[in-house]
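Following this message is one structure expressed as structure tokens.
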Amino acid sequence: MRVVISAFCFFVISFSTCLADYNQSKDWFYSLDRGQRIRIQHLLVFTGDYRTVVDGDFGQNTYNALTSFQKHRDYPQTGVLSNDQVQILLRDGLDLANRVGFKYLNDAAAGISLGVPVKLFDPPSPAERGTRWRAFDGSIELETLMVPAEETGYQDLFKRLAKQRSGRVIDYKVQRNDFFVISGEQDGRSFFLRIMKTPVDSRGFSLSWETKHTVFMDRVAVAMSNSLDQYDGTADQQLGAAPTSPPTGSGALGKGDRIN
């Protein structure tokens with residue numbers, strides 16, 4: 001009986017401590033302005049500790065990301081970052097962002113604004129429904145696209161792209177009223193798709209890479225997903241493509257998924 005009581009007391013104390021840490025982390029996070037909160041979440045994406053929506057709000061995912069960041073650097077896992085820890089987060093998060101050349105650009109062809117790891121790619125070229133970017137060795141590919149609703153509806157597009165078949169394995173898929181995300185493997189390559197819904201079309205991007213790049217491309221894909229926004233104007237800085245025929249790639253859409 002004493003063993004049971006001791007175990008129960010330990011559980012209650014541990015739970016109370018965790019709850020206190022969570023609430024303290026929440027209070028600290030909301031003491032920051034919204035811009036700072038969003039920046040911290042973005043940086044945690046690049047450190048590999050945060051893999052969901054960047055919105056500046058606090059929840060279990062944000063708490064887990066903060067404590068994961070601290071754990072990987074041998075800090076006490078409180079969920080509250082000291083000024084020195086914030087500087088380490090800034091250094092480590094920007095390290096990957098700078099190495100891949102993560103840059104916010106506008107793509108008039110696909111009608112999107114997107115963060116693009118420009119250092120990974122050769123100059124872009126036109127794609128059938130947007131713009132295509134390709135690494136010099138073809139190991140990483142990015143394609144933007146816009147699909148008119150009258151041609152393929154949002155729901156039908158999700159069903160088509162989320163379908164498993166020979167050579168294509170879906171690891172993750174989620175559909176909301178205004179966007180969907182699908183990731184997995186196709187023909188030995190990892191892929192990530194994010195498509196947003198507008199009143200007249202579906203638009204977004206398809207990203208694929210060889211598995212040797214997975215360590216950093218998983219992070220880049222989530223960062224790109226969080227950067228996606230609608231764009232319908234003339235840009236100073238566009239994904240603009242040279243008027244040449246695009247190379248045939250092995251992107252995430254695959255031959256059977258091309259929207260012809």
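Because only heavy atoms are used, hydrogens play no part in the values below, and waters and symmetry mates are left out as well, while side chains stay in.
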So does W28 get a backbone contact from the side chain of S31, meaning a donor-acceptor N/O pair under 3.5 Å? yes
Is any side-chain heavy atom of H42 less than 4.5 Å from a side-chain heavy atom of I38? yes
H213 NE2 to S190 OG distance, which is reported to the nearest 0.5 Å: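 Nearest 0.5 Å value for the NE2-OG distance: 10.5 Å.
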CD1 of I170 to OG of S183, rounded to nearest 0.5 Å, is 8.0 Å
Pairing donors with acceptors under 3.5 angstrom, does anything connect the side chains of D84 and S82? no
Neighbour count >12 (heavy atoms, 6.0 Å) for atom CG, D33: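 Yes, enclosed.
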Distance in Å, R219 CZ paired with R51 CZ, rounded so as to fall on 0.5 Å steps: 9.5 Å
Could you check R132 against S125 for side-chain hydrogen bond (donor to acceptor under 3.5 Å, both in side chains), going step by step and ending with a plain yes or no? CA-CA 5 Å; R132 180 175 290 128; S125 58; 5.5 Å; no
Hey, mind stepping through R168 and D187 against salt bridge (charged side-chain N to carboxylate O under 4.0 Å, His left out) and telling me if it holds? CA-CA 6 Å; R168 182 178 176 88; D187 301 325; over 6 Å; no
I'd like to know whether the aromatic ring centres of H72 and F69 sit less than 6.0 Å apart in this structure.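 Not close enough - the centres of the two rings lie 6.0 Å or further apart.
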Could you please spell out the steps behind the salt bridge (charged side-chain N to carboxylate O under 4.0 Å, His left out) verdict for R134 and E143? CA-CA 9 Å; R134 191 171 187 266; E143 185 173 327; over 6 Å; no
Side chains of Q155 and Q175: does their closest heavy-atom pair fall under 4.5 Å? yes
Tell me, do W209 and D218 make a side-chain contact under 4.5 Å, heavy atoms counted? yes
Test item: side-chain donor near acceptor, Q41 and T62, under 3.5 Å: yes
Whether D55 and R37 form a salt bridge (side-chain N of Lys/Arg under 4.0 Å from carboxylate O of Asp/Glu) is what I want to check.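 Not counted as a salt bridge, because no side-chain N and carboxylate O are separated by less than 4.0 Å.
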Are L228 and R194 packed together at the side-chain level, in the sense that at least one heavy-atom pair is separated by less than 4.5 angstrom? yes
Counting N and O atoms only, with roles assigned by atom type, does the side chain of T67 sit under 3.5 Å from a partner on the main chain of Y63, one being a donor and the other an acceptor?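 Between the backbone of Y63 and the side chain of T67 there is a qualifying donor-acceptor contact (under 3.5 Å).
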Has the side chain of E141 got a donor or acceptor atom that lies under 3.5 Å from a matching backbone atom of W133?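 Side chain of E141 to backbone of W133: no pair is present.
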Carefully, step by step, assess R203 and D201 under the rule salt bridge (charged side-chain N to carboxylate O under 4.0 Å, His left out). CA-CA 7 Å; R203 57 184 77 173; D201 55 42; 2.7 Å; yes
side-chain hydrogen bond (donor to acceptor under 3.5 Å, both in side chains) for T144 and D107? Distances and angles first, verdict last. CA-CA 8 Å; T144 62; D107 182 0; 2.4 Å; yes
Using a 4.5 Å cut-off on heavy atoms from C-beta on, say whether the side chain of V200 contacts that of E150.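 Not touching, per the 4.5 Å side-chain cut-off.
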Nearest heavy-atom neighbours spanning D92 and R73: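 Shortest heavy-atom separation between D92 and R73 comes out as OD2-NE, 2.9 Å.
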Are F158 and I195 close enough, and set up right, to give a side chain to side chain contact (heavy atoms under 4.5 Å, CB included), and what steps lead you there? CA-CA 9 Å; F158 173 76; I195 304 294; over 6 Å; no
Measuring from L145:CG to I112:CD1, what's the distance to the nearest 0.5 Å? 7.5 Å
According to a hydrophobic-cluster definition based on side-chain heavy atoms being under 4.5 Å apart (Ile, Leu, Val, Met, Phe, Trp, Tyr only), do Y50 and F29 belong together? yes
From CA spacing to verdict: side-chain hydrogen bond (donor to acceptor under 3.5 Å, both in side chains), N64, Q60: CA-CA 6 Å; N64 290 345; Q60 192 64 50; 2.9 Å; yes
Give a yes or no on whether L81 and F58 share a hydrophobic cluster (residues Ile, Leu, Val, Met, Phe, Trp, Tyr; joining criterion: side-chain heavy atoms under 4.5 Å apart). yes
Could you tell me if the side chain of T211 sits less than 4.5 Å from the side chain of R189, heavy atoms only?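 R189 does not reach T211 side chain to side chain.
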Does the side chain of K119 reach to within under 4.5 Å of the side chain of R99, using non-hydrogen atoms? no
Is any side-chain N of the basic residue among D57 and R34 closer than 4.0 Å to the acidic one's carboxylate O?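 Salt bridge: yes.
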Let me see the working for T78 and Q24 under side-chain hydrogen bond (donor to acceptor under 3.5 Å, both in side chains), right down to the final yes or no. CA-CA 8 Å; T78 63; Q24 288 170 6; over 6 Å; no
Counterpart residues, ring-ring contact (aromatic ring centres under 6.0 Å, His included), relative to F179 (two or more places apart):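 Applying ring-ring contact (aromatic ring centres under 6.0 Å, His included) to F179 gives none.
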Partner set under salt bridge (charged side-chain N to carboxylate O under 4.0 Å, His left out) for R91, not counting sequence neighbours: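 Applying salt bridge (charged side-chain N to carboxylate O under 4.0 Å, His left out) to R91 gives none.
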Do I182 and V53 belong to the same hydrophobic cluster, where Ile, Leu, Val, Met, Phe, Trp and Tyr are linked whenever their side-chain heavy atoms lie under 4.5 Å apart, directly or via other members? no
CZ of F205 to CG of L142, rounded to nearest 0.5 Å, is 7.5 Å
Spatial distance of atom CD (Q77) from atom OH (Y75) [nearest 0.5 Å]: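 Reported value, rounded in 0.5 Å steps: 13.0 Å.
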Is the ring centre of Y154 less than 6.0 Å from the ring centre of F180? yes
Going hydrophobic residue to hydrophobic residue with side-chain gaps under 4.5 angstrom, can you get from V181 over to M146?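 No; tracing contacts between hydrophobic side chains, which count when under 4.5 Å, never links both residues.
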Between F46 and Y104, is there a shared hydrophobic cluster once you connect ILVMFWY residues whose side-chain heavy atoms come closer than 4.5 Å? yes
Of D232, N106, D229, which meets side chain to side chain donor-acceptor pair (under 3.5 Å) against S113?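 The passing option is N106.
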